[in-house]
Amino acid sequence: DADVDDERLLSYLKESFQKAVQYKEYLGWVEKQEYNIKAYYMQKERAWSQTPWKGASSYRSPLTATLTDTAWAYMFQSIWPDAGSPLQVKGGGIEDIRTSGILNQYMNNVLENETNLKFVSDKNIFRTFTTGTGIIKVRRKLDMSSVDCSSVDVENIYAPLYADGCRVDQ
């Protein structure tokens, strides 16, 4: 058991969190994230309907959505190929070659069937290209038999360890 003053640690964490929030506000982080979402989903801006003439089309160009979706597709395909497997196990020496094929099949079976990593990777890649940051939180389950993965928004990085989101029921 470490000799850490709980009050001092709590005050340090609160102060650190407040500084992070203030820094994000200073940089206009919320406005930038709103712009990213509006650009991807091509939401109209009322102010743009008056420029260069009254009644002009204020739809955004689909360039952001096209580039994001293309990058997402290439990245996801490079991690989870259709014909291959996401994990490659190769023997380090002559004696390992015989057993590496079995281990390769076993590990790929675990990744694809016993974890939610494929779904989480899909979500995380999209989040990375739309907001600029993607974080995968990996936790060992309580029974110590497997791991659980979740994709976390960067603004929710201070969420509790076992949280899957920031709602009360998560």
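- Residues Leu117 and Ile125 fall within the same hydrophobic cluster, defined by Ile, Leu, Val, Met, Phe, Trp and Tyr side chains chained together at heavy-atom separations under 4.5 Å.
- For the atom pair SG of Cys149 and NZ of Lys118, the computed distance is 14.5 Å after rounding to the nearest 0.5 Å.
- How far NZ of Lys38 is from CD of Glu31: 10.5 Å, rounded to the nearest 0.5 Å.
- Leu87 and Val110 fall within the same hydrophobic cluster, defined by Ile, Leu, Val, Met, Phe, Trp and Tyr side-chain heavy atoms under 4.5 Å apart, directly or through other members.
- Nearest heavy-atom pair across Gly134 and Thr128 is CA-OG1, 3.3 Å.
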**OP:** Walk me through it: do Lys123 and Ser150 pass the test side chain to side chain contact (heavy atoms under 4.5 Å, CB included)?
**Re:** CA-CA 9 Å; Lys123 194 169 161 183; Ser150 57; over 6 Å; no
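- A pairwise comparison of heavy atoms in Arg8 and Ser11 identifies O-OG, 2.9 Å as the closest pair.
- In the hydrophobic cluster analysis, where Ile, Leu, Val, Met, Phe, Trp and Tyr join through side-chain heavy atoms closer than 4.5 angstrom, Tyr106 is grouped together with Leu111.
- Side-chain N or O atoms of Asn108 include one that pairs as donor or acceptor with a backbone N or O of Asn104 at under 3.5 Å.
- Between Tyr35 and Tyr40, the closest side-chain pair of non-hydrogen atoms is not below 4.5 Å.
- Side chains of Arg127 and Thr133: no donor on one and acceptor on the other come within 3.5 Å.
- Contact of the Val152 side chain with the Ile136 side chain is not registered, since no non-hydrogen atoms from C-beta on lie closer than 4.5 Å.
- Side-chain contact check for Asp122 and Trp72: at least one donor-acceptor pair (N or O, by modelled atom type) lies under 3.5 Å.
- Hydrophobic clustering of Ile, Leu, Val, Met, Phe, Trp and Tyr side chains at less than 4.5 Å, counting indirect connections, keeps Val147 apart from Met107.
- With Asn124 contributing its side chain and Ile135 its backbone, the two residues share a donor-acceptor pair below 3.5 Å.
- Between Gln33 atom CD and Thr131 atom OG1 the span is 5.5 Å, to the nearest 0.5 Å.
- For the atom pair OG1 (Thr68) and CZ (Phe126), the distance works out to 7.0 Å, reported to the nearest 0.5 Å.
- Atom CD1 of Ile94 sits in a sparse spot, with 12 or fewer heavy atoms from other residues, nucleotides or ligands closer than 6.0 Å.
- Thr70 contributes a side-chain N or O that, together with a main-chain N or O of Thr66, makes up a donor-acceptor pair within less than 3.5 Å.
- Applying the side-chain contact (heavy atoms from CB on, under 4.5 Å) rule to Leu63 yields the partners Ser61, Leu67; only residues at least two apart in sequence or on another chain are considered.
- Cluster membership for Trp80 and Val120, using ILVMFWY side-chain heavy atoms within less than 4.5 angstrom, is not shared.
- In this structure Val30 satisfies the side-chain contact (heavy atoms from CB on, under 4.5 Å) test together with Glu34, sequence neighbours excluded.
- Contact detail for Leu103 and Val89: the closest heavy-atom pair is CD2-CG1, 3.8 Å.
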